[in-house]
There are 2 protein chains.
Amino acid sequence: MSPRGRPRAFDREDALTQAMLVFWERGYDGASLAELTEAMGIKPPSLYAAFGDKESLFREAVKHYQAAHGRHTMRALTEEPTARAAVEAMLRNNACAYVEPGHPTGCMVVLAATNCTPANASVWEFLAASRDNVRRELCARLRRGVEEGDLAATVDTEALGALYATVFYGLTMQARDGVGLDSLMTVIDLALSMWPENGGGAASTVDTAPSAP
Amino acid sequence: MSPRGRPRAFDREDALTQAMLVFWERGYDGASLAELTEAMGIKPPSLYAAFGDKESLFREAVKHYQAAHGRHTMRALTEEPTARAAVEAMLRNNACAYVEPGHPTGCMVVLAATNCTPANASVWEFLAASRDNVRRELCARLRRGVEEGDLAATVDTEALGALYATVFYGLTMQARDGVGLDSLMTVIDLALSMWPENGGGAASTVDTAPSAP
DNA sequence: AGATTTTTGTATCGCTCGCTAAAGAAGGTG
DNA sequence: CACCTTCTTTAGCGAGCGATACAAAAATCT
């Protein structure tokens, strides 16, 4: 069952994790092969044999990132009971992850290719598609909230999704600028205080509030 | 009156504008000397004689950007009569500028150096300081609103400033991802609907649709 | 064992990067 | 005119980039 030739001397997952960390901090263009190979503990030929070229390694690193660090986002959007809880969990979980020690700050999908050059256009589109996917999942969750009755039917789910996607992106920039978790959480407090349910304007009807007004 | 030697054959302001556009679209690292010199219509020695090295040119391009495109930000924060009007004008003016035809989308100060490498660390710090300056001006305007009575004294101006700075950054990412002006304006609508004045406390009203029974 | 297959380290490749020396070109000044 | 100063052009520097040719090394297969 073992492959035929000489076995690989490094752990592919570990090397991929190290590559992800370098891409996360430096971005696609800013991560050089020299820095990648040093962090991964391998030489260029081993990298190219195991992962293909730099772009293939990057794409795989992004998938690894989404599985390891972006997991909370999708989990929040699918498993939380209400739309508001889903958005709140998404924002708070990500804010925690952004400033977690042991890895770069902010969201890799947002930061790893902000400038599009002709050479890295495909990389930019790849990340842009991933961002748009999160936005669409967010809007879908809001629509589900309307269907399930925890969000007023008068709410413009596309607009509300765009707003929280905007906050989502902004939090990443704030985290990369060194803003601490407490400040990020305060921003989220305020961003959630405008949830349609909170004010008297929305036509949310039947919801037994735990505390009496 | 005229300088002694051979006169410069290009307009320095025009060349600086072209350099600004290249840096704006590509970022600091992504803008190569070849692309810069071609856009500016000059050869490398002329560039170096007129502007110094690449980093000096970039810093001057950023100042040029702030004078030409970031002007609305400071104007809104200083000249608008109330804190809310100041923030609203800041966001809307910038959103318009972000998607204006004739130049790259989004804010140059946010996008031109998102990834910090050892080589461009000073550039990153330069832009980070500029971002922090905007944030401090924003918070100062909110404090002025409290002093002048158009903003409740109970409002946490630091937190509110951080929130709108976050929205500010997020709008730039949205613009660069191709979101249109109407969507950006809708996001701003929602972001402003949570202004403390609206609801009396942190929570406020929001109604994205015309009031229905 | 010997042949085969795959990975490994060394030593580059061609290319682009930011940057500059050297000489020609265009003005003013005697 | 010659002379000086400054800008422009040509050409190319050293360094770093992503990516590879090559042969030795380490495993399985016959």
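Each chain gets a letter, A, B and so on, in the order its sequence line appears, and its residues count up from 1.
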Nearest-Å distance, [atom1] ([X]) to [atom2] ([N])?
X: B/F51; N: C/dG18; atom1: CZ; atom2: C1'; answer: 17 Å
X: B/N120; N: C/dC17; atom1: CG; atom2: C1'; answer: 14 Å
X: A/Y28; N: D/dC17; atom1: OH; atom2: C1'; answer: 12 Å
X: A/E55; N: D/dA19; atom1: CD; atom2: P; answer: 9 Å
X: A/I42; N: C/dG9; atom1: CD1; atom2: P; answer: 9 Å
X: A/L33; N: C/dC13; atom1: CG; atom2: C1'; answer: 14 Å
X: A/R12; N: C/dT6; atom1: CZ; atom2: C1'; answer: 15 Å
X: A/R8; N: D/dT28; atom1: CZ; atom2: C1'; answer: 16 Å

NZ or CZ of A/R26 within 45° of B/W124 ring axis and under 6.0 Å: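 No, a cation-pi geometry is absent between A/R26 and B/W124.
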
B/K54 charged N/C atom sitting above B/Y48 aromatic ring, 6.0 Å / 45°: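 No, B/K54 and B/Y48 do not form such a contact.
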
- request: Among B/W24, B/Y65, B/F23, find the one that has a ring-ring contact (aromatic ring centres under 6.0 Å, His included) with B/H103.
  value: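 Result: among B/W24, B/Y65, B/F23, B/W24 is the only option passing the ring-ring contact (aromatic ring centres under 6.0 Å, His included) with B/H103.
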
- prompt: What is the nucleic acid contact for B/A119, judged by heavy atoms within less than 4.0 Å: base, sugar-phosphate only, or nothing?
  reply: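 The residue B/A119 makes no contact with any strand.
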
- request: Give B/A49 one of three labels, base, sugar-phosphate or nothing, depending on what nucleic acid heavy atoms sit under 4.0 Å from its own.
  value: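 No contact at all - B/A49 keeps every heavy atom at 4.0 Å or more from the nucleic acid.
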
message: Please tell me whether A/S56 and A/D53 have a donor and an acceptor in their side chains that are separated by less than 3.5 angstrom.
response: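 Yes - a donor-acceptor pair under 3.5 Å links their side chains.
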
[options]: which one has an atom nearest the side-chain heavy atoms of [X]?
X: B/Y48; options: C/dT20, D/dT10, D/dT20; answer: C/dT20
X: B/K54; options: C/dC19, C/dT7, D/dG18; answer: C/dC19
X: B/F10; options: C/dC19, C/dG27, D/dT8; answer: D/dT8
X: A/S46; options: D/dC7, C/dG9, D/dA19; answer: C/dG9
X: A/R4; options: C/dT4, C/dT29, D/dA19; answer: C/dT4
X: A/P45; options: D/dC29, C/dT7, D/dT20; answer: D/dT20

query: Please, which pairs that meet ring-ring contact (aromatic ring centres under 6.0 Å, His included) have at least one residue in residues 151-186 of chain A, sequence neighbours excluded?
result: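 ring-ring contact (aromatic ring centres under 6.0 Å, His included) check on residues 151-186 of chain A returns A/Y164-A/W195.
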
query: Taking for each residue the nucleotide of DNA chain C with the nearest heavy atom, is it A/G5 or A/K43 whose nucleotide lies nearer the 5' end?
result: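 Its nearest nucleotide lies further toward 5', so the answer is A/G5.
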
- request: Look at the side chain of A/R6 and the base of C/dT7, then say whether one donor and one acceptor between them are separated by less than 3.5 Å.
  value: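 In this structure, the two groups form a donor-acceptor pair.
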
